[in-house]
Structure formats: C-alpha cells, structure tokens
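One structure is given here, and the rest of the page talks about it.
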Amino acid sequence: MSIASPHLGSSSGWTDARLLYALEEVVEKELNRHLKVTKDWMPHEYVPFSDARNFPGFFEDGEAWEKGQSKVTEVGRIALVVNLLTEDNLPSYHHEIATLFGREGAWGTWVHRWTAEEGRHGIVMRDYLLASRAVDPDKLEQFRMSHMSEGFESDNRHSMLHSIAYVAFQELATRISHRNTGHQSGDPVCDRMLARIATDENLHMVFYRNLLKAAFELAPDLTMQAVRDVVVNFRMPGHGIPNFERAAAQMAIGEVYNLRIHHDDVLQPVIRFLKVMEIDGLGPEGVKAQEELGLFLGGLDAEASKFDEKLAARKARMAARAAG
C-alpha cells in the first residue's frame, strides 16, 4: 500500500483523502485486471432492427404502439422500464463518483472507463425496446424526462468508504435484476441482451468487491461500519423513478428482484467472499457494527421467509384458479 496503515483496531488517522491515496495501487491493479478480462461488444448487434417500424408523428406510415406488438411479458416490460430508467441517470452517477474518486490517476481512469461501459447498457436497452415495441415509447420518454429532471443524489455521497461498500453490493444487485428480467421477459432476444449487460455488471462488482477487501485490510473498523450502514439502509439507485414502489412490488412478485433474492443472491455472496462475519481483531465500534450487521441479516432472512410463504400461497391460488 502507498501509506502505512494505522493500527488495525483504530479508526483514527483515516480520512477520505488518505484512503483514496492508500487504495490507489489497488485501483490500478484492479483496473489492469478488469481491462484484461473485459471484452468490448457492439450494442447494435443485440438489437432486432429488422422488427422495427415507424411510430406516429412525422411519418405517414407510423403505427401506434400496442401491448400485443411484443412478446415481452408484463413483468418483463415493467422491469425493463425500471432497469433502463436506472441506466439513464448515468450522468448523475458519473458526477457522483468523479466527485468522490477524482478524475486523475488510476481512480480517474476507472471512473471514465466504468462510465463508458455503462453507457452501452442504456444504448442497447433503449434500441431494443423501441425496435421490438416492448414498451410504450411516449410513456418511456415521459418517465425519462421526469426521472432525469430530478437528478440523483446517493445516500452515501458523504463518504468514499460508504460509496465503495454500496457499489460492491449495488453492482451485483443490478446484475441479478438484469439477468432475472431476461429470464422472465419471454423473449430470447431480450434474454441474450440482458445476459451481455449482466456480464459487465458482474465485472464491475468484482472490481468494487476487491477494493472493499483492501479497505477491510487497511481500516477494518471503519469499513465494517460502512458495510453495516450500507446493508441496513440499502436502496437501489432507481428508487426515484415514477411509480417505483408499485413497479418494485410487481418485480418482487414476478421474481425479478425481491427480499429473498436480495438476501441470498446479493448480500450473502459479497459478505461470504469477504468473510465479513469472521473478521476479528476489531475495536469496539467495529465489533458493534459486525454484531448489528449479523442481527440485521438474520431479521432480513426471516422477512424473506415470510415473503416466500406469501408468494407460494399466491402461486397455489393462481394454479387452482387456472385448473378450475
């Protein structure tokens, strides 16, 4: 590391500036690893342009949008809109991380590379949705204008360490959401496109997860507190999307993203990989954060089990109704 670490049990001495400098070598290493394993891809190759036709407006042959024009399922349509609108706020996300991480050195190179890769996701998703007529284009644009006009402020913008902890989980959550949306979409073309996006999101998760591991080695107490705060207060970046609560409920029922998925497929993999609950030698604040994190995860697992029961009962009712 670039800076000699303070005593592992101590939180004193660490500021955002010191941590940024201390983690620079790790960022450079992870950036080089990322560039070796990532593969460039062309968004236009995943879009069924041959299915496209004009919409009403300036074209005399324009055809109005109707749900039946696409094979995408209802839950797929809802999730696609949420996922795309989340990607649309990329300018705000770039501003957030560029402000926190800086625009120079390895940090800056990563910030710009990440932004460029994420830009592909919005491009290919919007082109797919319009070409395949999977969603109402007028409502999609109205939602985009509303969402982007509000901007985005991260819950963790006050702390670089909290921000690293957040994106380690959030990138995996985004990957899972995209992948499950593809599975539930009813369209193999959509599934293939979202699988490609999910591959990128997984690599982004690995970058931040490894950075978080290095932060635990440098400042375990502060990092434990950051992880606890992020996990307990976790919200997806698209929470400001119009009608987000209703869409999130439908995505939960449709098994795109719900409490069980969040607990089992997002939180636990990162926590297990980093062995967060096994870290010892912590100071009083670190131990307290670790214990509180464990209690929260136990409570979340119990809540997820209740949701599982309700979802199973709903499926049984629907199956009985269909059989009758």
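Everything quoted here is computed from the prediction, not taken from an experiment. In what follows, every heavy atom counts, from backbone to side chain, and hydrogens, waters and symmetry copies are set aside.
Screening His239, Arg235, His162 against Asp155 for a side-chain hydrogen bond (donor to acceptor under 3.5 Å, both in side chains) leaves a single residue, Arg235.
Counting non-hydrogen atoms of other residues, nucleotides and ligands closer than 6.0 Å to CE of Met277 gives a total above 12. Annotation: Glu28, atom CD; neighbour count of heavy atoms from other residues, nucleotides and ligands within 6.0 Å does not exceed 12. In the displayed structure, His94 atom NE2 is contacted under 6.0 Å by more than 12 heavy atoms of other residues, nucleotides or ligands. Remark: Met318 CE is loosely packed, at most 12 non-hydrogen atoms of other residues, nucleotides or ligands lying under 6.0 Å away. Counted within 6.0 Å of CZ on Arg314, heavy atoms from surrounding residues, nucleotides or ligands total 12 or fewer; the atom is thus considered open.
Ring-centre distance between Phe207 and Trp114: not below the 6.0 Å cut-off. When ring centroids are compared, Trp110 and Phe101 stay outside the 6.0 Å threshold. Checked against the 6.0 Å centroid criterion, the rings of Phe234 and Tyr166 qualify as a close aromatic pair.
Taking the charged nitrogens against the carboxylate oxygens, Glu171 and Arg209 have no contact shorter than 4.0 Å, which rules out a salt bridge. Of the charged side-chain nitrogens involved, at least one lies within less than 4.0 Å of a carboxylate oxygen, so that Asp40 and Arg113 count as a salt-bridged pair. One finds no salt bridge joining Arg196 and Glu45 here, because no Lys/Arg side-chain nitrogen approaches an Asp/Glu carboxylate oxygen to under 4.0 Å.
Atom OG of Ser146 and atom NZ of Lys139 lie 14.0 Å apart (nearest 0.5 Å).
Under the 3.5 Å distance criterion, with hydrogens and angles disregarded, a donor-acceptor pair is assigned to the side chains of His147 and Asn89. Remark: the Arg175 side chain and the Thr199 side chain contain no N/O donor-acceptor pair separated by less than 3.5 Å.
Counting all heavy atoms, side chain and backbone alike, Asp88 lies closest to Arg144 at OD2-CG, 3.4 Å.
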